[in-house]
Amino acid sequence: MPAPQCASCHAARAALRRPRSGQALCGACFCAAFEAEVLHTVLAGRLLPPGAVVAVGASGGKDSTVLAHVLRELAPRLGVSLRLVAVDEGIGGYRDAALAAVRRQAARWDLPLTVVAYADLFGGWTMDAVARSTAGSGRSRACCTFCGVLRRRALEEGARLVGATHIVTGHNADDMAETVLMNFLRGDAGRLARGGGLGSRGEGGALPRCRPLQLASQKEVVLYAHFRRLDYFSEECVYAPEAFRGHARHLLKLLEAARPSAALDLVHSAERLALAPAARPPPPGACSRCGALASRALCQACALLDGLQRGRPRLAIGKGRGGRDEEGSSGATPASQ
Amino acid sequence: MCQVGEDYGDPAPEGPPPPRPGLRSRELKCVKCKEGVPVVVIRAGDAFCRDCFRAFYVHKFRAVLGKNRLIFPGEKVLLAWSGGPSSSSMVWQVLEGLSRDSAKRLRFVPGVIYVDEGAACGQSPEDRAKTVAEMKLILQTLGFPWHIVALEEVFGLSPSVLRCSAQEPVGAVGTYKVAVDSFLQQQHTLGTERAGGSPSPTQGEERLSPPGTQESQDPAGPPPAAQTEALSRLFGSVKTLTAKEEFLHTLRTHLILHVARTHGYSKVMTGDSCTRLAIKLMTSLALGRGAFLAWDTGFSDERHGDVVVVRPMRDHTLKEVAFYNRLFAVPSVFTPAIDTKAPEKASVHRLMEGFLLRLQAQFPSTVSTVYRTSEKLVKAPRDGCAAGPRCLLCMCTLDVDAADSATAFGAQTSGFSQTQPPTPRAGAGAPTEVGGAQDRCQGAGPCGSSVPAGRTPEPASLSSYAMAAVRT
């Protein structure tokens, strides 16, 4: 049975049905619709004011590739200029290949690229070194905890290096839905209270961050990358199988099979969650060591690195250590994602 | 597991841990009394003997009621009994709690209601009659006034169930204490009068009248076939199992509340256990009900105004309930529910149940973590805006955002595509794009954007609204 006409231009044959509405569209019209929706999100949420210098967190993966491409298309209309910032966590066999993809993209799009490496920023602690340090205790390595916190710090540093005023990352609706599920399953009331917006305004000197793709489903991101023939790196991080997010991701896939709107429903729930004032995180201050945003004496990046330096990598994971270390207990993530 | 609150401490010492004294099962003793032979292990390795387990279980039930101080002495409370283990356990606890010889007797006046949902589950009339007869047997031994109601009666509900009645002002803690004190004083004076006067039968003064003479609503017979037919048609028109379950829950709640109102009950107790509430919490989250989690899964639910729904079993896990029922022979009846024998991927409820129970087997603290998070939720709109219009079906304040705003709801309801969607769904309003028949505040017909602005709908019957919703 031949494909129906595109519902938008009525000229070409439809190439796909949009997951959300079931509308049949040809490739070009779908891409146009996708870009229009991202533009709408940015404008309606007032995420990127004109004249902003935007640092795009580029990992080489599909989300950040699509984000960079779309923002590049929209940059004239928004009046912003883009810089690519890539983070090298030092994961052998994974990050080096991804960085090659980022460099190709930067060359093709003619965008300035800055690469910040954990090894330079954090005193030689690459993720492989962290994994070696936390291994062997019989419990999970919690690599993703370290990587997430340190990457956000690295992104901030990179953005400052290029003189950016805003940071954007490519999180899509599925990512946000998984985050909500994960936070509930782990009982992380602090993160639940902070999440559920389109990004953070940037308190206490931290750069404002946002996620323009937050309301786009993962399927549509992949389809967009396909129709625009974007070159991205699609393998999984070597430490990914250990992550707890895997459970949430599996659950989300099942939920989407039963109910296609599950991802956006979860994002909607997260936006409307009402937590008790006692469960909400305290207003953030400044880290005593590096001056970044922190809920306690030390920001979490400094606390994690502290633990690594002392040979007690789990020092800052979990709730406060009481009086066990003199520098104070673990801090919350600065400038929520 | 990557638990936020998990305390990892220092790296594990080298070599296997030294064997704990008494590790072999023969030498294990009850952790509470240190003497009895343990019969059940709850939580993470706490072994209890039979008596200590009973004390622990009963104490939890009383503690939940006592801590929240919502049930005043002499109040009429309706117990919603489905025949399943949790609600049977709850009814049994109330029965034992009211008996004269228990310490610190419970002080309210209970009634029991059973809703016959056979039509929605597709049971034949013979099966339904058999189930009802089994239920009646048990209900008659309880000694409380009981009501057996068929779900078909929802067609006869008046429109007033859809309006939130004015709430009685909730007194402060002081009111509770005053009420209890005055009640006790009353009991005392009555007791001395009785002792001094003529000997009277030792009836519980709490009971308004001796059991048996209290009205016990017995259905005259099976409901008319036309109504059963209409109900099956109604449920048949709902496309997904998820929506059917939500719909059944809504109808059942309204029916129970109606019975409570007509018979003067001011509280309804449901037997949701900790495990069931954790599953319900995650399911509501996945369905987009994040704004209302505190009402759906908290201890008390005052959405409906004059009747408050209370969940006293929320501290008991399903495992504890099952063991208690087995050890102390609590009667319960199995009835097939709407999702019995459904495959796991059939509905969001089943998926969440399977997922949580599997995760619980791997990480034993999953259910309690989710439960603890639920305790941190408050009953308030997030940005503190004033009470707006309420959803007709679930009585919660609407949580809709403006269409085309930069929120998830705006993304789902945006008419942003360059042309109109080909199928004539626009008639019921854009919310139908969310897919499937739904009865949620987020996208249901009655409270979505299908009602033209500026006109409040005339309250028709609950069933006609429900039928309109499922047709979208």
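Just so we're on the same page: letters track the sequence lines, and every chain starts at 1.
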Winner by heavy-atom pair count (cut-off under 4.5 Å) against chain A, out of B/S374, B/S284, B/G290: B/G290

So for B/S368, is it side chain, backbone, both, or neither that comes closer than 4.5 Å to the heavy atoms of chain A? neither

Heavy-atom distances under 4.5 Å only: say whether B/A286 touches chain A with side chain, backbone, both or neither. both

Do B/E344 and B/R350 meet the salt-bridge criterion of a basic N to acidic O distance under 4.0 Å? no

Part of B/L293 lying under 4.5 Å from any heavy atom of chain A: side chain

Need one label for B/Q360: side chain, backbone, both or neither, based on atoms under 4.5 Å from any heavy atom in chain A. neither

Could A/E37 and A/R18 be called an ion pair, given the rule that one side-chain N must be under 4.0 Å from one carboxylate O? yes

Identify all side-chain donor-acceptor contacts of residues 274-282 of chain B below 3.5 Å with residues at least two apart in sequence or on another chain.
from, atom 1, to, atom 2, distance (Å)
B/T275, OG1, B/L318, N, 3.1
B/R276, NH1, B/E353, OE2, 3.0
B/K280, NZ, B/D296, O, 3.4

Examine the side chains of A/T179 and A/R245 and answer whether a donor and an acceptor come within less than 3.5 Å of each other. yes

What I want to check is whether the side chains of A/S269 and A/E271 have a donor and an acceptor closer together than 3.5 Å. no

